[in-house]
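Here the structure is laid out as C-alpha cells; the discussion comes afterwards.
Given the structure is predicted, the values throughout are model-derived calculations rather than measurements. Along the sequence shown, the residues carry numbers beginning at 1.
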Amino acid sequence: MENKIKPIAIYLPQFHPIPENDEWWGEGFTEWTNVKKAKPLFKNHNQPVIPGELGYYDLLKTEGIQQKQAELAKENGIYGFIYYQYWFGDGKMLLEKPAENMLENKDIDLPFCFCWANETWRGIWHGIDDAKKILAEQKYLGKEDYTNYFNYVLPFFKDDRYIKIDNKPFFVIYDPVAVPQEFMEIFEKLAKENGFDGIYFVASNRSGNHIDYAAKNFDAKISGDYNMLLNEELDDSRIVKLKNLIREKVIGKKSIRKIDYAKFFKSLVYTNSNVETYPMLLPNWDNSPRSKEKGFLFTNSSPENFAHEVKKAVTFANNNLDKNKFVIIKSWNEWAEGNHLEPCQKWGNAYLKQLKDQLEQFDRNTK
C-alpha cells in the first residue's frame, strides 16, 4: 500500500439544521438553502446546480446517507474523508453530529480524520450585507480548554478508521498561523499519554508557502500554491494584464470575477516545503450561490479538465512523497462553493469516474 496514491476529500457537515443557523439565516437553513435559490448571473452560467443520485440529503434524517457517501467515495478510489470540525473554545461546537453519528456507525466503512476549522464565523461566510458581524468567535483559552478538546476527539482518534501515520492521528489545522504553540504541545503530550506516538499535525493550504512549518512542529502541509496563484489572479490591479480574468457586468454596475479553469490550472505548479507537502485538487469553484456577485467562479471546468489536474497531482505526490502519498481534494460536498465530487444532474458521476480512471492508470503504470 505504500506506493498507492491516497486521495482524501474534505467533507462539509453543514447539511442539517442547527439552532444557530436557524437564528442567523432562517428556520431550516442548511448548505442546500443557498444552493437551491442560486440564479445564473450571466449567459451560460450553470446555476442552480442540482444534486444527482444522493439528492438534497439531510445528514441526520436521510436514512443511510453517510454510508452511501462512503460507499460511493470508496468505489471511485477515494481513500478517506477529512471532516471539518468546529470547536470554538469553552466547549462551543457546531455541526458536530454527523461525525459523532459516523463514529457510532461502524457500517460507514471509510477512513477519516479531522480538520479543525479554527476560524471565526462572520457574516461574509454566507454573503450577507453585514459581512463583519461575528456569529461564532474562535477563542484560544489555554491548557484546560485544549485538554477538554483533546478528550472530546480522543474516542475518534482511537477508532480503527481514523487515519494515522506511524501511530500518530492525522490532524489538519485550518489556520496554522493563528494556532497557539501551547495547543500543539498539549495535544502532543496527551496523545503520548494515551498510547499514541504523538499527533501528525498537517497545515491547511490557507497560508501559502511562506511559513516555516517545520519550526512550528507541523509534520506536513497541504499545498498552498493554489491560493498563492489565485490571490495574484484576483488582484484587481492585474485585470488588464490577465487575459483569462474577465470582469462582466451582471446587475447594474455590479460585477463578478470569472477565471478560466483550464488556463488557471495549466499555470499552477506544485512546490515543496520543508515538511511533507500534499497537492490539492479542486473539481471546480463557484461560490455565487453563497456570495452572489461578490464571489468568483471558474468557467470551462469539466470532468476532462479535472482529469488533467488529477494526473498532475498524482505525479507530484508519486515523485515527492515516499510513502504517505496523499492527494487532498477540495471537496467532497461543498455545494454552495461549487466544489464537490458528489454527483450532480449535469455531470452525473463523471468527475468521480475521471478520478477513478486516473488512479487506475497510475496503478497500471507503476506495477
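Under a cutoff of 6.0 Å and an axis angle of 45°, Lys258 and Phe42 form a cation-pi pair. Stacking of Lys312 on the aromatic ring of Phe265 is not recorded, the 6.0 Å distance cut-off and the 45° axial limit not both being met.
Under the 4.0 Å criterion applied to side-chain N and carboxylate O atoms, Asp90 and Lys139 are not assigned as salt-bridge partners. Salt-bridge formation is not detected for the pair Glu182/Lys143: no Lys NZ or Arg NE/NH1/NH2 atom is positioned less than 4.0 Å from an Asp or Glu carboxylate oxygen. Lys168 and Asp166 are not joined by a salt bridge, as no carboxylate oxygen comes within less than 4.0 angstrom of a charged side-chain nitrogen.
Taking hydrophobic clusters as Ile, Leu, Val, Met, Phe, Trp and Tyr residues chained together by side-chain heavy-atom distances below 4.5 Å, Val49 shares a cluster with Phe296. Linking Ile, Leu, Val, Met, Phe, Trp and Tyr whenever their side-chain heavy atoms come within less than 4.5 Å puts Ile50 and Val35 in one cluster.
A distance-only check finds no donor-acceptor pair linking the side chain of Ser204 to the backbone of Asp175 [under 3.5 Å].
Residues passing the side chain to side chain contact (heavy atoms under 4.5 Å, CB included) test with Glu188 are Lys192, Ile199, Phe201, sequence neighbours excluded. With sequence neighbours excluded, the residues satisfying side chain to side chain contact (heavy atoms under 4.5 Å, CB included) with Lys92 are Glu20, Phe88, Leu94.
Below 30°, between 30° and 60°, or above 60°: for Phe157 and Phe150 the angle between ring planes is above 60°, a perpendicular geometry. Taking the six-membered ring for Trp and thresholds of 30 and 60 degrees, Phe316 and Tyr270 have ring planes inclined between 30 and 60 degrees apart. Under the 30°/60° scheme for interplanar angles, the aromatic rings of Tyr351 and Phe306 are found to be tilted.
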Checklist entry - Are Phe15 and Tyr57 close enough, and set up right, to give a ring-ring contact (aromatic ring centres under 6.0 Å, His included), and what steps lead you there? => result CA-CA 7 Å; Phe15 291 91; Tyr57 54 78; 5.1 Å; yes
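When Tyr152, Trp116, Tyr149 are each tested for a side-chain hydrogen bond (donor to acceptor under 3.5 Å, both in side chains) with Gln85, only one passes: Tyr149.
Using modelled atom types and a 3.5 Å distance limit, the side chains of Glu31 and Asn333 yield no donor-acceptor pair.
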